[in-house]
Amino acid sequence: MPELPEVETVRRTLVPHLVGRRIRTVSVPHAHVLGGASPRAFASALRGRRIGGLSRRGKYLVLDLEADGGGEPTHLVVHLRMTGRLAFVPAGAPFTPDPRHTHAWMGLSGGGRLTFHDVRKFGRLGWVGHADLAGALPSGRDPVLEGVDGPVLLRLLGTRRAPLKSLLLRQDLLCGLGNIYANEALHRAGLHPLCAGAGLDQAAADGLAAAIGGVLAEALAFQGTTLWDYRTGDGERGGFGRFLRVYGRAGLPCRACGTPVEALRVAGRTSAFCPRCQPAAAGRRRPPVAVDAG
DNA sequence: CGATACCTGAGT
DNA sequence: ACTCAGGTATCG
Ligand SMILES: [Zn+2]
């Protein structure tokens, strides 16, 4: 469910509820969310700690927990995978955990709760000491934290023979893009998903960098894309779905030119593309013109 | 590299 | 009964 704009939205919506609060209680009724780690160790690593801030890298969300007594700072690391949800339940609001899908929650000072819900059970919670945080996060460049431009993309992608679509999904090159925004960025850049990384020239790389930055910024402004499960930290839906130009639109008109969108399978994922805006392989192409949602 | 496994639910 | 879904770790 969540790619960079969704995870960043969850981060932003949780900040006002969590920062400065202390974790009082930790409940993990379904230990699978810890990926084999001990619920008792998890609870004792978190209990009593003050949440100093929330950060994000790629699709990972991190709660920064301040040093407690003599301890070192610790980080609660969350990955929502496909259907995970983190939500804040305010003090006094009814809290009714779904016995099947609410896998963990924390009671906070002030009476609120942070809950983790996940239908498909791919999502994970973990904790690491400060020294190990970087190693727990994706190594690729985060296009929002660090920016991307044409030269960076040429360096990262320009020597590889794999299809651009596969490369954009690799979190060790760029982190944060998933299937929705990889498809949308390629469409905005006028690049076919099967175009090789090495097929990029300077102009195409500039265009792709602008497309990535643009689609992420726009999606963020609408609090991300809710197709099914994704919700912000306040339980709201993201509103960017109506602006998607090709993702999920196979057989429907491209939102830039009206040509029917086609679908391909690349690296096990569906790639939606417009045959007119993104003509066959090869490199550079002029970007399609943006159009309002219909 | 791509394919497969991990899970559940929704839709056909 | 079968296909598909926002992701990624692990396999060959
Ligand atoms: Zn088009």
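Here is how names work: the chains are called A, B, and so on, in the same order as the sequence lines, proteins then strands, and each is numbered from 1. We use all heavy atoms of the structure for the numbers below, so side chains are in, but hydrogens, waters and symmetry mates are not. Keep in mind the model is a prediction, meaning the values are calculated, not measured.
For C:dA5, the paired nucleotide is B:dT8, the pair qualifying as Watson-Crick or G-U wobble because both relevant distances are below 3.5 Å. Base pairing analysis places C:dC11 opposite B:dG2; the two distances defining the Watson-Crick or G-U wobble pair are each below 3.5 Å.
A:D118 places its CG atom 13 Å from the C1' atom of C:dA5, with the value rounded to the nearest Å. With rounding to whole Å, A:N179 atom CG is found 12 Å from C:dC4 atom C1'. To the nearest angstrom, C1' of C:dG6 lies 5 Å from CE of A:M82. A:L177 has its CG atom 15 Å from the C1' atom of C:dT8, to the nearest Å. What separates CH2 of A:W228 from C1' of B:dT8 is a distance of 13 Å, to the nearest Å. In this entry the distance linking CG of A:N183 with C1' of C:dA5 reads 13 Å, nearest Å. Between the P atom of C:dA9 and the CD atom of A:Q171 lies a distance of 9 Å, rounded to the nearest Å.
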Checklist entry - Could you walk me through whether A:T25 and A:R47 pass the side chain to side chain donor-acceptor pair (under 3.5 Å) check? => result CA-CA 6 Å; A:T25 64; A:R47 199 182 299 120; over 6 Å; no
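A:F122 does not qualify as a stacking partner of the B:dC7 base, lacking a centre-to-centre distance under 5.5 Å together with planes within 30°.
Across all strands, A:R124 comes closer than 4.0 Å to no nucleic acid atom at all (heavy-atom distances).
Distances shorter than 4.0 Å separate some side-chain N or O of A:R100 from OP1 or OP2 on B:dG9.
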